[in-house]
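Following: one structure in structure tokens, then a few remarks.
Model, not experiment: these values are computed from the prediction.
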Amino acid sequence: MPDKRVRTRFAPSPTGFLHIGGVRTALYAQLLAKKHGGDFLLRVEDTDQARLVPGAVENLCRTLQQLNITPDEGVWLDENGVVMEHGEYGPYTQSKRQANHQKYAQELIAMDKAYPCFCTAERLEELRQTQEITKRPTGYDGHCRNLDKQEVQARLAKGEKHVIRLKLPQEGKVTVHDVIRGEVNFDWKLIDDQVIIKSDGMATYHLASMADDHDMGITHVIRGEEWLSSTPKHIFIYQAMGWELPVMAHLPLILNPDKSKLSKRQGDVAAEDYLQKGYLPQALINFLALLGWNPSGEREIYSHDELAELFNLEKINKAGAVFNLEKLNWLNNHYLRLLPDAEYLALINPHLPSEEQDHEFKQRIAFLFRERLTLPAEISAWSEFFFAEKLDYSAVKLNWKDHSTDEAVERLKTAKTWIEQLSEDQQFDVNTIETTIKNNLQAQGWSNGDTLWPLRVALSGAEKSPSPFELIATYGQKRSLARIDEALAFLLK
RNA sequence: GGCCCGUUCGUCUAGGGGCUAGGACGUCACCCUCUCACGGUGAAAACAGGGGUUCAAUUCCCCUACGGGCUACCA
């Protein structure tokens, strides 16, 4: 028998931003499908009408799109950025499948695997409170579980408000087979008769998601660990309906530095925030893939395609993983340096003063700081002195160590003549500048530090900066000489 | 509270009955060097604790501790 075509899905609810943990879940689902040449779909789970956030679907898709987590099927954006759907298993928006869910619920009732429940919210609330006060486990008491059939019919006919609950076994055990965790056992008697259709007629996650997964031919369910304990209910639905169970994989959580569940309080959890700050999709993907999964442990850099080749469910870790910003930063620097020049420039340009019209100058500055950057925005602080009309030398030391001001003046004046001798258009590059200056230094019998330090500080106005050679090459001859004159003027004042 | 899951350097992890427990980020030192960054070399740094099983346990089993998830007409 040939293996079934692998079909995975990411099924977020459009309640706001895309959580970084969601990105990883989506990534893994995409990776698995890619690896097996299958399909990865995006389904929107919007059955909770009260929690819908306008624009959330667009936002979700846009963020996934930027991260290159593109579904083969399902909800997506057209070329104008408008939400649409494509694929043969639609609709992919869960609320549009309500009729289907209803049909399944009725079948479950007919099989005595589910029942209408007329309990009011108030009664349920009271019930919970009594249970809490008497320190008993909270949960539904089965009040409507065995209502008389006639009575049910009559109340239904009257149009009485109700929900539909699963009629779960009250004894025995269920075993969940999870690829990551192995066999996990639960006692039926500890599990509540779950609501599967709400009084507004919408299905809850438990029915909707299982029904849609089945109808869409999903073979591998990859979701967060928070779903593990409700899996018995899902198995119950699958079995009652006679559906074939998908492979289950419950992913470990992503954690805050204090090991609690990753939360807004302790940093950014929205994927779009990272993108906005200038984290590159490649870095984010590489980083997130390795948070909870690792093919070897000896290698850190993987492209999206390489990940898809190597990915497997079996190597996913069981324990939660702390979101380690430092490593992400390192990765981002790494990918920033790997970027094609044009892309790099496009990223940096917005952070350089738009008033500056010398684009080649700006370009040289962008490349100068390339290996120092974690995020593109950092360049504005790094490069500020390049664009300053005048530098403020009052806060820095222009003379080298215990050398006098007079010596600094002498060195600067001499260095100026060397720079003047350089030709602006011929070989005005770092290497030429460096050899020229160093040769002159040697001929003069001067050590490097006592000249290079004043020169560098004169050019940058800072005690920490790139080398004077790099600064001169970046400024160009005219600007370099002007800076040195500024410093000289300051010293001779 | 109940049920369930988890625990290897600070962090992400590799490994797995016998290893000097490996890599990466971060940290520190040294080299390069006019400073910063890059780069290079090196160092410190871990099997939560207690019982078993075994010739041998970090690895298998049990317990404890700690962390986490679930316990909605939310997903």
With the threshold set at 4.0 Å, does a side-chain nitrogen-carboxylate oxygen contact exist between A:Asp268 and A:Lys277?
yes

Calculate the interatomic distance between A:Gln194 atom CD and B:rA75 atom C1'; express it in whole Å.
11 Å

Just how far, in rounded Å, is P of B:rA14 from CH2 of A:Trp293?
10 Å

Heavy-atom count check: over 12 atoms from other residues, nucleotides or ligands less than 6.0 Å from A:Glu126 CD?
no

When the C1' atoms of B:rA75 and B:rC12 are compared, how many Å lie between them, rounded to an integer?
28 Å

By the Watson-Crick or G-U definition, both distances under 3.5 Å, B:rG42 is matched with B:rC28

Any side-chain heavy atom of A:Val163 sitting closer than 4.5 Å to one from A:Ile197?
no

Rounded to the Å, how far apart are A:Ile197 CD1 and B:rA72 C1'?
16 Å

At 4.0 Å (heavy atoms only), tell me whether A:Thr204 reaches a base, stays on the sugar-phosphate, or touches nothing.
sugar-phosphate

In this structure, how many angstroms lie between the C1' atom of B:rC12 and the CG atom of A:Asn256, rounded?
16 Å

Regarding A:Glu407 and A:Lys401, does a basic nitrogen lie under 4.0 Å from an acidic carboxylate oxygen?
no

First of A:Pro295 and A:Lys161 reached from the 5' end of RNA chain B, by closest nucleotide:
A:Pro295

Under 4.0 Å, heavy atoms only, any strand: does A:Glu298 hit a base, just the sugar-phosphate, or nothing?
base

With nearest nucleotides of RNA chain B determined for A:Asn185 and A:Leu328 from heavy-atom distances, which residue corresponds to the more 5′ nucleotide?
A:Asn185

Under the side-chain hydrogen bond (donor to acceptor under 3.5 Å, both in side chains) test, which residues partner A:Arg43, sequence neighbours left out?
A:Glu45, A:Ser209, A:Asp213

Identify whether any heavy atom of A:Lys318 sits under 4.0 Å from a base atom; if not, whether one sits that close to sugar-phosphate; answer base, sugar-phosphate or nothing.
sugar-phosphate

In this structure, how many angstroms lie between the P atom of B:rC3 and the NE2 atom of A:His250, rounded?
20 Å

Please list residues of residues 95-103 of chain A whose heavy atoms come under 4.0 Å from any atom in RNA chain B, ordered by number; otherwise none.
none

Report which part of the nucleic acid A:Lys173 touches: base, sugar-phosphate, or nothing (heavy-atom distance under 4.0 Å, all strands).
nothing

Taking only side-chain N and O atoms of A:Arg51, does any of them lie within less than 4.0 angstrom of OP1 or OP2 on B:rA75?
no

What's the gap between B:rG15 and B:rU58 when it is taken at their C1' atoms, as a whole Å value?
10 Å

Please check if the distance between the ring centroids of A:Phe287 and A:Tyr279 is under 6.0 Å.
no

Taking only residues two or more places apart in sequence or in another chain, which ones pass side-chain hydrogen bond (donor to acceptor under 3.5 Å, both in side chains) with A:Glu384?
none

Output yes when A:Asp450 and A:Arg411 qualify as a salt bridge under the 4.0 Å nitrogen-oxygen rule, no when they do not.
yes

Taking any heavy-atom pair under 4.0 Å as a contact, classify A:Glu300: base, sugar-phosphate, or nothing.
base

Would you mind classifying the nucleic acid contact of A:Val163 as base, sugar-phosphate or nothing, using non-hydrogen atoms under 4.0 angstrom?
base

Can you classify the ring geometry of A:Phe118 versus A:His162 as parallel (below 30°), tilted (30 to 60°) or perpendicular (above 60°)?
tilted

Salt bridge or not between A:Glu107 and A:Lys113? Use side-chain N to carboxylate O under 4.0 Å.
no

Presence of salt bridge, A:Glu125 and A:Arg128, under 4.0 angstrom:
yes

Using a heavy-atom cut-off of 4.0 Å across all strands, would you classify A:Arg136 as base, sugar-phosphate, or nothing?
nothing

Hunt down the Watson-Crick or G-U wobble partner of B:rU35, both distances under 3.5 Å, from any strand shown, or write none.
none

Write down the distance separating the C1' atoms in B:rG17 and B:rU53, rounded off to the nearest Å.
11 Å

Let's see if you can work this out: which of B:rG6, B:rC73, B:rC12 has an atom nearest to the side-chain heavy atoms of A:Arg181?
B:rG6

Can you establish whether the number of heavy atoms outside A:Lys464 located under 6.0 Å from its atom NZ is more than 12?
no

Look at A:Arg456 together with A:Glu463 and state whether they make a salt bridge at an N to O cut-off of under 4.0 Å.
no

A:Glu122 CD to B:rA72 P, straight-line distance once rounded to whole Å:
17 Å

Round to a whole Å and report the spacing from CG of A:Asp187 to P of B:rC5.
12 Å

Aromatic contact, A:Tyr28 with A:Phe311 (centres under 6.0 Å):
yes

A:Phe186 near the nucleic acid: base, sugar-phosphate alone, or nothing, with a heavy-atom cut-off under 4.0 Å?
sugar-phosphate

Side-chain N or O of A:Asn317 versus OP1/OP2 of B:rA14: is the shortest distance under 4.0 Å?
yes

Round to a whole Å and report the spacing from CG of A:Leu291 to P of B:rC25.
16 Å

Just the table, please: protein N/O against nucleotides 40-50 of chain B N/O, every pair under 3.5 Å.
none

Please indicate whether A:Arg136 has more than 12 foreign heavy atoms, meaning atoms of other residues, nucleotides or ligands, lying under 6.0 Å from its CZ.
no

Base, sugar-phosphate, or nothing: which does A:Gly292 touch, judged by heavy atoms less than 4.0 Å apart?
sugar-phosphate

Take nucleotides 60-70 of chain B nucleotide by nucleotide from the 5' end and write B, S or -, depending on whether a protein heavy atom sits under 4.0 Å from the base, only from the sugar-phosphate, or from neither.
-------SSSS

Once base and sugar-phosphate atoms are separated, protein heavy atoms under 4.0 Å mark nucleotides 27-38 of chain B, 5' to 3', with B, S and - as -------BBBBS

Fit a plane to each ring of A:Phe323 and A:Tyr274, take the angle between them on a 0 to 90° scale, and name the class: parallel (under 30°), tilted (30 to 60°) or perpendicular (over 60°).
tilted

